[in-house]
Amino acid sequence: MKSSVYDCVILPLSKIHNRAGNITIIEGETYIPFPVKRIYYLYDIPGGEARGGHAHKELFQLIVAASGSFDVLLDDGQNKKIVTLNRPDYGLMIVPGIWRELFEFSSGAICLVLASQKYDEGDYIREHEDFIKFKE
Ligand code: TYD
């Protein structure tokens with residue numbers, strides 16, 4: 001699996017603004033380069049907690065800080081990078097074969113995730129050692 005942290009890019013999302021506020025629309029395969037088969041969100045994350053700590057074999061994801069902020073550590077087995085998400089009109093696309101950890105959640109943060117596949121525990125790599133072997 002050759003994917004790298006440099007394939008994980010920040011995508012600007014739509015934003016329609018008027019005096020009553022903003023709306024951001026995300027359409028799978030139109031605004032982002034994969035179909036959306038599942039949406040989930042993380043919330044009520046206690047201070048100091050981390051999420052993630054795994055990779056996916058085939059799943060594409062778009063991660064959005066729908067509220068508040070958090071950091072995402074990306075690791076492809078050779079390179080690492082940390083991305084801060086703090087705007088609801090930008091999303092981080094994570095391609096398959098990338099280890100990720102989410103941390104530094106602000107109070108009230110909401111981490112919205114759009115995923116290309118339904119939940120499949122078989123698509124997870126939950127041990128970093130197994131991830132390194134997967135990337136060889
Ligand atoms: P997990 O993906 O490990 O959480 P995170 O990466 O945010 O730390 O999922 C946590 C638990 O929720 C785990 O038991 C699997 C379950 N789960 C589902 O049943 N369906 C899903 O779509 C997701 C994302 C998780």
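Nothing here was measured: the structure is a model prediction, and the numbers come from that model. Indexing begins at 1, ligand by ligand and atom by atom, following the structure's order.
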Using a strict 4.0 Å cut-off to heavy atoms of [X], name the atoms of ligand 1 that fall inside it.
X	value
Leu42	7 (O)
Arg51	4 (O), 5 (P), 7 (O), 8 (O)
His54	2 (O), 6 (O)
Arg38	21 (C), 22 (O), 23 (C), 24 (C)

For atom 19 (O) of ligand 1, tell me which residue out of Tyr124, Tyr119, Tyr41 has the closest non-hydrogen atom.
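Among Tyr124, Tyr119, Tyr41, the closest heavy atom to atom 19 (O) of ligand 1 belongs to Tyr119.
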So for Glu121, does at least one of its heavy atoms come nearer than 4.0 angstrom to any atom of ligand 1?
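Under 4.0 Å: no for Glu121.
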Does Arg126 reach ligand 1, in the sense of a heavy atom lying below 4.0 Å from it?
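Yes, that is the case, since the closest heavy atom of the residue is under 4.0 Å from the ligand.
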Ionic contact status for Glu101 with Arg51, cut-off 4.0 Å
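Looking at Arg51 and Glu101, the cut-off is not met.
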Taking atom OG of Ser3 and atom CZ of Phe60, what is their separation to the nearest 0.5 Å?
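Going from OG on Ser3 over to CZ on Phe60, the span is 8.5 Å.
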Please verify the inter-ring angle class for Tyr119 with Tyr124; under 30° counts as parallel, over 60° as perpendicular, anything in between as tilted.
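Plane angle over 60°, so perpendicular.
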Heavy-atom protein contact below 4.0 Å for atom 14 (O) of ligand 1
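Given the 4.0 Å limit, the answer for atom 14 (O) of ligand 1 is no, no protein heavy atom qualifies.
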Heavy atoms of the protein only: does one fall short of 4.0 Å from atom 21 (C) of ligand 1?
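Given the 4.0 Å limit, the answer for atom 21 (C) of ligand 1 is yes, a protein heavy atom qualifies.
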